[in-house]
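All values below come from the heavy atoms of this structure, side chains included, with hydrogens, waters and symmetry mates left out.
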2 protein chains.
Amino acid sequence: MNISEVSQRAGLPSKTIRYYEEIGLIQPARRANGYRQFSEADLHRLAFVGRARSLGFSIEDCRSLLTLYEDRGRASADVRAIAAGHLRLIDERLAEMQQMRQTLADLVNACAGDARPDCPILADLAAPVADSTAEDQTPK
Amino acid sequence: MNISEVSQRAGLPSKTIRYYEEIGLIQPARRANGYRQFSEADLHRLAFVGRARSLGFSIEDCRSLLTLYEDRGRASADVRAIAAGHLRLIDERLAEMQQMRQTLADLVNACAGDARPDCPILADLAAPVADSTAEDQTPK
DNA sequence: GATAAGGCTTCCAGTTACTGGAGGGTCAAT
DNA sequence: ATTGACCCTCCAGTAACTGGAAGCCTTATC
């Protein structure tokens, strides 16, 4: 297989596939003319990585998962640990984003959104700057 | 004010403040010795940006918001448009992440997480590679 | 005056995971 | 011989910082 076929079948841009080779996720063979020649196994690895990436695993996670995947004797606990750690990360980010969303939605609702210059969004962004003249400054 | 005081009061690392100057978000004065000399207005701008960033606005959003903030005659609708656009983005990302979270949580639950090598997580990641021998290939 | 600690400066490189483009070889068909 | 579609490598750029090196400036102490 040439790169464009793999690209299509794995659902990854050719650029990305070359990049994955560069960082050592795959090592496709080469033809005499220098073209990459992909095996079904290469395609399989790429599809695996693509799927893991779409679940938000980092490249380094993917590297670990690939290793585990190809280690016939690994314990499923190892895989689970990576996935569970990732899940925790996602949950944290979700919580942050929901907090952000809430604040922002409140602001958008509070804003008239008309031609007048008064805008609670800007007012809020500008709000709380600590005062240097007093409080909490360690005096020298 | 020197940079470290501003850093503390705005809640941004000095490195970040220098970076914000580099990209033109602020233009603090300089002392004879080359040190940056920050005004209260500079501090204010930085705090504004810090707050907007923590709400997930991009640097370019911040640039626009700052301009609007300092334009006494702007319409609140302009600000609202930026914020609302950002809110839509956040909602999209939230939906994606929730989808991701769901799939991942299902996988983690399905995985025994013991010493046995069988792992539904890996099985799922490996699963669906299209077959090139048939279906959906536009023949030439 | 020497010295040391801390703060300030600039500049360069690295991070993540690609993406775009230039410049140029290869292949199949006309 | 010449398209046009592939393929190659290498370089640069993205977002938004972060870390580190090398080197002034300031202040305090001995």
Distance in angstrom units between [X] [atom1] and [N] [atom2], rounded:
X: B:Y35; N: D:dG23; atom1: OH; atom2: P; answer: 16 Å
X: A:N33; N: C:dC27; atom1: CG; atom2: C1'; answer: 9 Å
X: B:R30; N: D:dC24; atom1: CZ; atom2: P; answer: 17 Å
X: A:N2; N: D:dA5; atom1: CG; atom2: C1'; answer: 12 Å
X: B:R36; N: D:dC24; atom1: CZ; atom2: C1'; answer: 14 Å
X: A:M1; N: D:dC6; atom1: CE; atom2: P; answer: 17 Å
X: B:I59; N: D:dT14; atom1: CD1; atom2: P; answer: 14 Å
X: A:I3; N: D:dA5; atom1: CD1; atom2: C1'; answer: 15 Å

Members of residues 10-24 of chain A that approach DNA chain D, where some heavy atom sits under 4.0 Å away: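 When residues 10-24 of chain A is checked for heavy atoms under 4.0 Å from DNA chain D, the hits, listed by number, are A:K15, A:R18.
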Strand-adjacent residues in residues 87-99 of chain B, judged by heavy atoms under 4.0 Å from DNA chain D: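 Close to the strand, none.
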Qualifying residue, where the test is side-chain hydrogen bond (donor to acceptor under 3.5 Å, both in side chains) with A:N2 and the options are A:R31, A:Q37, A:R36: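 Only one option passes, and that is A:R31.
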Salt bridge flag under 4.0 Å for residues B:R93 and B:E96: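 Looking at B:E96 together with B:R93, the answer is no, because their closest N to O distance does not fall below 4.0 Å.
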Short N-O contact, A:E21 and A:R18, less than 4.0 angstrom: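 No.
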Is [Y] reachable from [X] through a run of hydrophobic residues whose side-chain heavy atoms are each under 4.5 Å from the next?
X: A:Y35; Y: A:L43; result: no
X: B:L12; Y: B:V6; result: yes
X: A:L25; Y: A:L55; result: yes
X: B:I23; Y: B:F57; result: yes

B:R31 side chain near D:dC25 phosphate (N/O to OP1/OP2, under 4.0 Å):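 The answer is no; no side-chain N or O of B:R31 sits under 4.0 Å from OP1 or OP2.
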Pair A:E60, A:S64: side-chain N/O donor-acceptor within cut-off below 3.5 Å: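 Result is no, nothing qualifies.
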A:D42 side chain to A:S39 side chain, donor-acceptor N/O pair below 3.5 angstrom: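 Yes, a side-chain donor-acceptor pair sits under 3.5 Å.
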Nucleotide of C:dC8, C:dA17, D:dA16 approaching A:S58 most closely (side-chain heavy atoms):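 Looking only at side-chain atoms, A:S58 lies closest to C:dA17.
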